[in-house]
2 protein chains.
Amino acid sequence: MKWTDLDENWCPVARTLSVVGDRWTLLILRDCFLGKSRFGEFAASTGATRHIVASRLKRLVDAGILTKVAYSRRPARFDYQLTDKGRELSPALGVFRDWGKAHLPVRRRALS
Amino acid sequence: MKWTDLDENWCPVARTLSVVGDRWTLLILRDCFLGKSRFGEFAASTGATRHIVASRLKRLVDAGILTKVAYSRRPARFDYQLTDKGRELSPALGVFRDWGKAHLPVRRRALS
DNA sequence: TTTTGTCTGTTCTTATTTGGAACTTTGCGC
DNA sequence: GCGCAAAGTTCCAAATAAGAACAGACAAAA
């Protein structure tokens, strides 16, 4: 089955995942909740390629989760800001954060 | 950046996503929360290929989110059951479900 | 004024992952 | 024995991602 078929799925979880259901998209959203808003910040912070960042931002804007606001014309520069709709996803990221803290400690050698 | 590098990321969200951060994995988890537990059920319900289902189940078991319990030896047949650790992810799926219900209604022609 | 740097993308080629279908193994019921 | 089921595995083609370079439009420095 194709990923794109999911947006018409009977299940609301599947439909949501058709928009935000991949690693990079969710990491970009994490950045948004941390206050980041620019293309370069997302690319640097997530480690995704610029290509991926561009495609994911496009999808998030299309879905109404982010809005693209120009803070400079000539040269064109943009902020990507969370909409109210986007902010409603915050609790999910919170769950992932808490779960990661609790169950996936960073393995480091002799930090103590 | 490779997906696998994420499991050592400083960010707990990124580490969590290194395990559950893809569409099919999250759909399989949804099925688990709905009471499904078998390979065939996951494959049929999610629409993912058997190949994908196999690899995702393997990852979830490795991460301690599911346990593989044999309900038949010869032929070998298994149930995949949520662990307590896995059940802690339930609220995240709840957020996705509610968000999908609220913002991504299924478009149908003249059902009313 | 030439150079360097920044920001937001796009394009290109290669590598990895996925999709789709067939095949395997181990039985069961007829 | 014959067809069927469950849980995977294997194979090849197609789609997606990685990595790096390139581009356009400026600003600031040399």
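Counting atom types as modelled, B:Arg77 pairs a side-chain N or O with a base atom of D:dA6 as donor and acceptor under 3.5 Å. A donor and an acceptor atom never sit less than 3.5 Å apart when one is taken from the side chain of B:Arg38 and the other from the base of D:dA6.
A:Asp79 has its CG atom 12 Å from the C1' atom of C:dC7, to the nearest Å. Distance B:Ile52 CD1 to D:dT10 C1': 14 Å, rounded to the nearest Å. Distance CD1 (B:Ile28) to P (D:dG8): 11 Å, rounded to an integer number of Å. For the pair A:Phe78 CZ and D:dG24 P, the computed distance is 17 Å after rounding to whole Å. Following rounding to the nearest Å, A:Phe39 (CZ) and C:dC7 (C1') show an atom-to-atom distance of 9 Å. In this entry the distance linking NE2 of B:His51 with C1' of C:dC23 reads 15 Å, nearest Å.
Residues B:Val19 and B:Ala63 approach most closely at CG1-CB, 3.5 Å, considering heavy atoms.
Regarding contacts with the backbone of D:dT16, every side-chain N or O of A:Trp24 stays at 4.0 angstrom or more from both OP1 and OP2. Remark: A:Tyr80 is not in phosphate contact with C:dC7, judged by side-chain N or O atoms under 4.0 Å from OP1 or OP2. Look at B:Lys58 and you'll find a side-chain N or O under 4.0 angstrom from OP1 or OP2 of D:dT9.
Taking 4.5 Å as the limit, every side-chain heavy atom of B:Asp31 sits out of range of all side-chain heavy atoms of B:Glu41. Looking at A:Leu82 and A:Leu66, their side chains come closer than 4.5 Å, going by heavy atoms from C-beta outward.
Within the nucleic acid shown, A:Tyr71 comes within 4.0 Å of sugar-phosphate atoms alone, with no base atom in reach, counting heavy atoms only.
Rounding to the nearest 0.5 Å places CG of B:Leu89 at 7.5 Å from OG1 of B:Thr16.
Taking the nucleotide of DNA chain C with the nearest heavy atom to each of B:Arg56 and B:Arg50, the more 5' of the two is matched to B:Arg56.
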